[in-house]
Asks: 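Handing you this structure, nothing more for now.
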There are 2 protein chains.
Amino acid sequence: MSITVWLTGLPSAGKSTLARALSESLARRDLDHQILDGDEMREYLTAGLGFSRQDRDTNVRRIGYVASLLSRHGILTICPVISPYQDARDEIRALHDPGRFFEVYVSTPIAECERRDVKGLYARARLGELSNMTGIDDPYEPPRNPDLVVDTVTLGIDLATNAILGPVLTRLDELSRARPTAGN
Amino acid sequence: MSITVWLTGLPSAGKSTLARALSESLARRDLDHQILDGDEMREYLTAGLGFSRQDRDTNVRRIGYVASLLSRHGILTICPVISPYQDARDEIRALHDPGRFFEVYVSTPIAECERRDVKGLYARARLGELSNMTGIDDPYEPPRNPDLVVDTVTLGIDLATNAILGPVLTRLDELSRARPTAGN
């Protein structure tokens, strides 16, 4: 048994960058893990889904379900996914055993996300070329009770990665102590 | 690294029954494994998909992708899925590393499947209440080069389970010998 580390936040908040940095740290520790990146999942897992509320919820539900399978089998699973709605995130949390869903709010303010604009989506949304852009004309509901809030602006990527890794490893440790003879 | 055991065949061929029996045998051996049952996957992974060729292929592709993730992380993954089209099964094989996709053709003849008719689907299809029924008005393409063919009629469930388990364990053994220092 492991946990799912769910990174939620606005586009360009730094979720995928943090996921990759976490992956490198875990690889150095020889910890088996898997990234399920919201964007990369669109080839196989979530192909054809759009950006309506219903499609976004389906996207979150499907990635969350796969994460719950992987983490249940001992694979630390990292999910950088915008996941703008509280209800959908709550639903995914409920799919996991208690304590096995670790929700990280990557709280980068929209002004900074828009300045980064990794994929040029904010610019296109401002020009009216793109609709349903989270943060512009589509809502983002910040987590009500995240397990962790990380501010990539004040911390920078290395410190932000460590700020996640520390509590994640602690959580894993606590859970393995709570179930010393854990099995299926 | 483990393998994906893909059970393909007509409805009521015995795929899910074999998957459950395999699961019990693997549990007794303390081998970490997961069943991804085509029917059960419809709640989260493949909700909303119908039975057109395109939807069937999407169903197979999505389950196969998750199986490839799980088996890559050392979890023996068993997929009882009708998966009627050769092309879609070939596509899933290609997602796996060589030797990691173990295709079992559950070759129960249609007359026997129709006699069993676990879910009453054949009866409804014959009455015209159901369309796109594999084997009746929708095609089933038997595997061209399956890793194994199992006939549940002549063997019975226990022998059929062993007929799969033996070669699967052998394959796992061969793959682990081929990569004695395997890691990610």
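First the proteins, then the strands, lettered A, B, ... as listed; each starts at 1.
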Asks: Locate the shortest heavy-atom distance separating A:Q86 from A:E141; write the atom from each residue and the value.
Replies: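 Closest approach of A:Q86 to A:E141: N-OE1, 2.8 Å.
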Asks: So which residues of residues 36-44 of chain A are in contact with chain B at a heavy-atom cut-off of under 4.5 Å?
Replies: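 So far as heavy atoms go, A:L36, A:M41, A:Y44 are the residues that approach chain B to under 4.5 Å.
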Asks: Taking all atoms of both residues into account, what is the closest heavy-atom pair of B:G74 and B:S2, and its distance?
Replies: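 That would be C-CB, 3.5 Å.
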Asks: Can you name the one residue among A:L165, A:L169, A:I164, A:D158 that meets side-chain contact (heavy atoms from CB on, under 4.5 Å) with A:S25?
Replies: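 Of the listed options, the one satisfying the test is A:L165.
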Asks: Quick one: what part of B:L95 sits under 4.5 Å from any heavy atom of chain A, side chain, backbone, both or neither?
Replies: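 It is the side chain, since no backbone atom gets that close.
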Asks: Checking heavy atoms, do the side chain of B:L45, its backbone, both or neither come under 4.5 Å from chain A?
Replies: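 Backbone plus side chain of B:L45, per the 4.5 Å heavy-atom cut-off to chain A.
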Asks: By a 4.5 Å heavy-atom criterion (distance strictly below it), what part of A:L70 contacts chain B: side chain, backbone, both, or neither?
Replies: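 When you check distances to chain B, atoms from both the backbone and side chain of A:L70 fall under 4.5 Å.
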Asks: Do the non-hydrogen side-chain atoms of B:T8 and B:P143 ever get within less than 4.5 Å of each other?
Replies: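 The answer is yes, as the side chains (C-beta and beyond) meet within the 4.5 Å cut-off.
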Asks: Side chains of B:L10 and B:T108: does their closest heavy-atom pair fall under 4.5 Å?
Replies: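 No, every pair of side-chain atoms sits at 4.5 Å or beyond.
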Asks: We want to know whether B:T77 and B:S71 form a side-chain donor-acceptor pair, criterion being a heavy-atom distance below 3.5 angstrom.
Replies: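 Absent: no donor and acceptor within the cut-off.
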Asks: Please state whether the rings of B:Y140 and B:Y105 are parallel, tilted or perpendicular, taking 30° and 60° as the class boundaries.
Replies: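 Rings of B:Y140 and B:Y105: parallel, as their planes differ by under 30°.
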Asks: Below 4.5 Å, heavy atoms only, C-beta onward: do B:R62 and B:V66 meet side chain to side chain?
Replies: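 SC-SC contact between B:R62 and B:V66 ruled out.
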Asks: Side chains of A:I63 and A:W6: closer than 4.5 Å at any heavy-atom pair?
Replies: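 The answer is yes; the side chains approach within 4.5 Å.
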Asks: Who in residues 115-129 of chain B is close to chain A, using a strict under-4.5 Å heavy-atom cut-off?
Replies: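 Expected list: none.
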Asks: Please tell me if the side chains of B:L26 and B:V168 come closer than 4.5 Å, counting only heavy atoms from C-beta onward.
Replies: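 When only atoms from C-beta onward are counted, B:V168 and B:L26 do not touch, as no gap falls below 4.5 Å.
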